[in-house]
Amino acid sequence: MSAAADTAARSLEHWSEAGRAEMEAFYALATEDYRQLALAADWPALLGGRARPGWRLLDVACGSGKFPTALLRYADLGALPPVTYDLLDPSTFSIAEARSHLAPPFTPGRELAVTLQDLPPDAGAYEVVWATHALYALPPAELAAAADRFVAAIAPGGLGVVAQATARSHYLAFYDAFRAGVHDATPYTSAEQVRDALRAAGADVREQRITYTTGTTDRVVAEGFLQRCAFDDTVSLAEMEAAPVLGDYLAGCRDADGAYSFDHEVLLLWL
Ligand SMILES: C[S@@+](CC[C@H](N)C(=O)[O-])C[C@H]1O[C@@H](n2cnc3c(N)ncnc32)[C@H](O)[C@@H]1O
């Protein structure tokens, strides 16, 4: 597939065994996204309030399981009863990766190899449904259908959570600059768009904003991270820095010594 393939297709191509090294380079910095989420709420209390015999959780766009991994590390889930943990992702590579990282109280359940927008409306009712840094490559034109499916999957009294970066946050701002300066593509979907779509789907949505920075002085780490941010490992860091628009954006992320720092602003959307 050419580097100019559109966003959703490049996402699916890169969430694969062939993309493993690039994924691991990305998480040298992006693991922090999930630590921030794990520390942003009282997860044992939130989850404990939904726990009941036979309860189920749906992880939408499960990726490689970094969020449950962070919860297991930073939140004390020891008092929770086992919960059946269903994994949804169009990438079977992602599902296998996430599944391999589940540990009690998360008990591996069904594998749903579909996009959120293609989740059958009768897929079931879950006590907990979450999507963490998950919906960027979802085409904006398909967001309304995806939001309907997300809301429909939450059982009465259940908890829905979406964590997504805002339009001004690094992932979105970087990709806008990449599209303008390297090659055009469908933009990433922002937290604001997801929030509005969930409300249009009838959900009562409360938002919580978190901000933090990630960074590195290592150009190899910065290059791997940024290539994954664009799902494009054909463009070097030097080429990105020399590109129109993108070069300006990256100059704003660099200090006088060349160290990179990326600004993140994330909405936690509570349903
Ligand atoms: C950054 S990862 C999500 C990270 C994950 N929440 C975690 O805890 O590690 C993004 C995932 O979204 C999936 N994805 C892309 N488009 C999707 C869609 N329309 N519906 C559901 N999943 C999608 C990708 O295949 C990829 O596995």
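Counting convention: from 1, in listed order, for ligands and their atoms alike. The first residue of the sequence shown is numbered 1, and numbering continues consecutively from there.
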key: Nearest heavy-atom neighbours spanning Gln227 and Val235   = NE2-O, 2.9 Å

I'd like a table of the close N/O pairs between ligand 1 and the protein (anything under 3.5 Å), one pair per line with both atom names and the distance.
residue  : atom   : partner : partner atom : Å
ligand 1 : 6 (N)  : Ala61   : O            : 3.3
ligand 1 : 6 (N)  : Thr132  : O            : 2.7
ligand 1 : 6 (N)  : Thr132  : OG1          : 2.9
ligand 1 : 8 (O)  : Lys66   : N            : 3.3
ligand 1 : 8 (O)  : Phe67   : N            : 2.8
ligand 1 : 9 (O)  : Gly65   : N            : 3.3
ligand 1 : 9 (O)  : Lys66   : N            : 2.8
ligand 1 : 12 (O) : Ala134  : O            : 3.4
ligand 1 : 19 (N) : Gln117  : OE1          : 3.0
ligand 1 : 20 (N) : Leu116  : N            : 2.9
ligand 1 : 25 (O) : Asp89   : OD1          : 2.6
ligand 1 : 27 (O) : Asp89   : OD1          : 3.2
ligand 1 : 27 (O) : Asp89   : OD2          : 2.6
ligand 1 : 27 (O) : Ser94   : OG           : 2.8

task = For the pair Glu207 and Arg209, find out whether any cationic side-chain nitrogen is under 4.0 Å from an anionic carboxylate oxygen.
result = yes

Please report, to 0.1 Å, the donor-acceptor pairs under 3.5 Å made by any side chain of residues 138-151, with sequence neighbours excluded.
residue : atom : partner : partner atom : Å
Glu142  : OE1  : Gln117  : NE2          : 2.7
Arg149  : NE   : Leu119  : O            : 2.9

ask   = In chain order, what residues pass the side-chain contact (heavy atoms from CB on, under 4.5 Å) check against Ala180, with sequence neighbours excluded?
value = Val245

query = Can you list the residues that meet the side-chain contact (heavy atoms from CB on, under 4.5 Å) rule with Ala167, with sequence neighbours excluded?
reply = Ser190, Glu192

query = What heavy-atom pair brings Val220 and Asp218 nearest, and what distance separates the two atoms?
reply = N-OD1, 2.8 Å

